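Accompanying notes for the structure given below.
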Amino acid sequence: AQKITQTQPGMFVQEKEAVTLDCTYDTSDPSYGLFWYKQPSSGEMIFLIYQGSYDQQNATEGRYSLNFQKARKSANLVISASQLGDSAMYFCAMREVNNAGNMLTFGGGTRLMVKP
Amino acid sequence: DGGITQSPKYLFRKEGQNVTLSCEQNLNHDAMYWYRQDPGQGLRLIYYSQIVNDFQKGDIAEGYSVSREKKESFPLTVTSAQKNPTAFYLCASSSGSANLRDYTFGSGTRLTVV
């Protein structure tokens, strides 16, 4: 079974509008962390936001917020007031404490395109 | 500033040749990782190392080899046995399991077989 699932291969959003990128995950580890990365065409992985499994509040970083619904194993990224520079690939990823190696496991990504 | 340096940024290889991708970090991280990314896809783990002189296969290790002789360095060799090596390769490092948030990526190497 996929550990991280991103069901939206591509999305369009109008500039200045908000957009939600979906991510669901699967783990039996009680301690884990969830990440969102942005990858522009240059290829670098830009860290956006992190949510720990024990964090009581949803994470926020500027225009980015993470809608964390633990019972549903969902960690959706919300981008408010979209900008043209937000056009990129977005990846959801997870790290589990009890995973040997503690590596990040990635979803397949969502390509976001912001329309002027 | 601390970070991860991957070199070269672009690499061209003839079929049948081995090629080595460099990854160096000055973050004093114990763990290092190599990922492969194909166009429009997510990242897949090739190899990882949690300590010097030890490394483990990831999901797609066939056709690749690594070494970890120094804490700072984790080079990846793409061998001629790798059937389709053209891809984007990313190196990452982390300090360990206690701080899950601590995970740093290099800027990547784009390998093309000609």
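Quick caveat, the model's predicted, so the values are computed rather than measured. The chains referred to below are lettered A, B, ... by the order of the sequence lines, with proteins before strands, and numbering in each begins at 1.
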- Query: At a heavy-atom separation under 4.5 Å, does B:Y103 approach chain A through its side chain, its backbone, both, or neither?
  - Reply: both
- Ignoring hydrogens and angles, tell me if any N or O in the side chain of A:R95 forms a donor-acceptor pair with the backbone of B:D102 under 3.5 Å. yes
- Item | Validation row: A:M45, B:L43 side chains within 4.5 angstrom (heavy atoms) | yes
- Query: Do B:Y35 and A:F106 have ring centres separated by under 6.0 Å?
  - Reply: yes
- Message: I need the residue from B:Q50, B:Q6, B:R101 with the largest number of non-hydrogen atom pairs under 4.5 Å to chain A.
- Response: B:R101
- Return the option, out of B:R44, B:Q37, B:K9, with the maximum number of heavy-atom pairs under 4.5 Å with chain A. B:Q37
Above 12 or not: heavy atoms from other molecules or residues under 6.0 Å from [atom1] of [X]?
{"X": "A:R111", "atom1": "CZ", "value": "no"}
{"X": "B:E62", "atom1": "CD", "value": "no"}
{"X": "A:K70", "atom1": "NZ", "value": "yes"}

Hydrophobic cluster membership, with links at side-chain heavy-atom distances under 4.5 Å among I/L/V/M/F/W/Y: are [X] and [Y] in one?
{"X": "B:F74", "Y": "B:I4", "result": "no"}
{"X": "A:M11", "Y": "A:L66", "result": "yes"}
{"X": "A:L77", "Y": "A:V13", "result": "yes"}
{"X": "A:F47", "Y": "A:F91", "result": "yes"}
{"X": "B:Y47", "Y": "B:V78", "result": "yes"}

- Taking atom CE of A:M103 and atom CE of B:M32, what is their separation to the nearest 0.5 Å? 14.5 Å
- Item | Contacting moiety of A:Q39, where chain B heavy atoms sit under 4.5 Å | side chain
- Identify which part of A:I4 has an atom lying under 4.5 Å from any heavy atom of chain B, answering side chain, backbone, both or neither. neither
- Item | Contact summary for A:Y50 and B:L100, nearest pair of heavy atoms | OH-CB, 3.3 Å
- Message: Looking at chain B, which one of A:I46, A:L104, A:L34 has the largest number of heavy-atom pairs inside 4.5 Å, strictly under?
- Response: A:L104
- Message: As an exercise: rank A:G33, A:S31, A:G108 by heavy-atom pairs under 4.5 Å with chain B and give me the winner.
- Response: A:G108
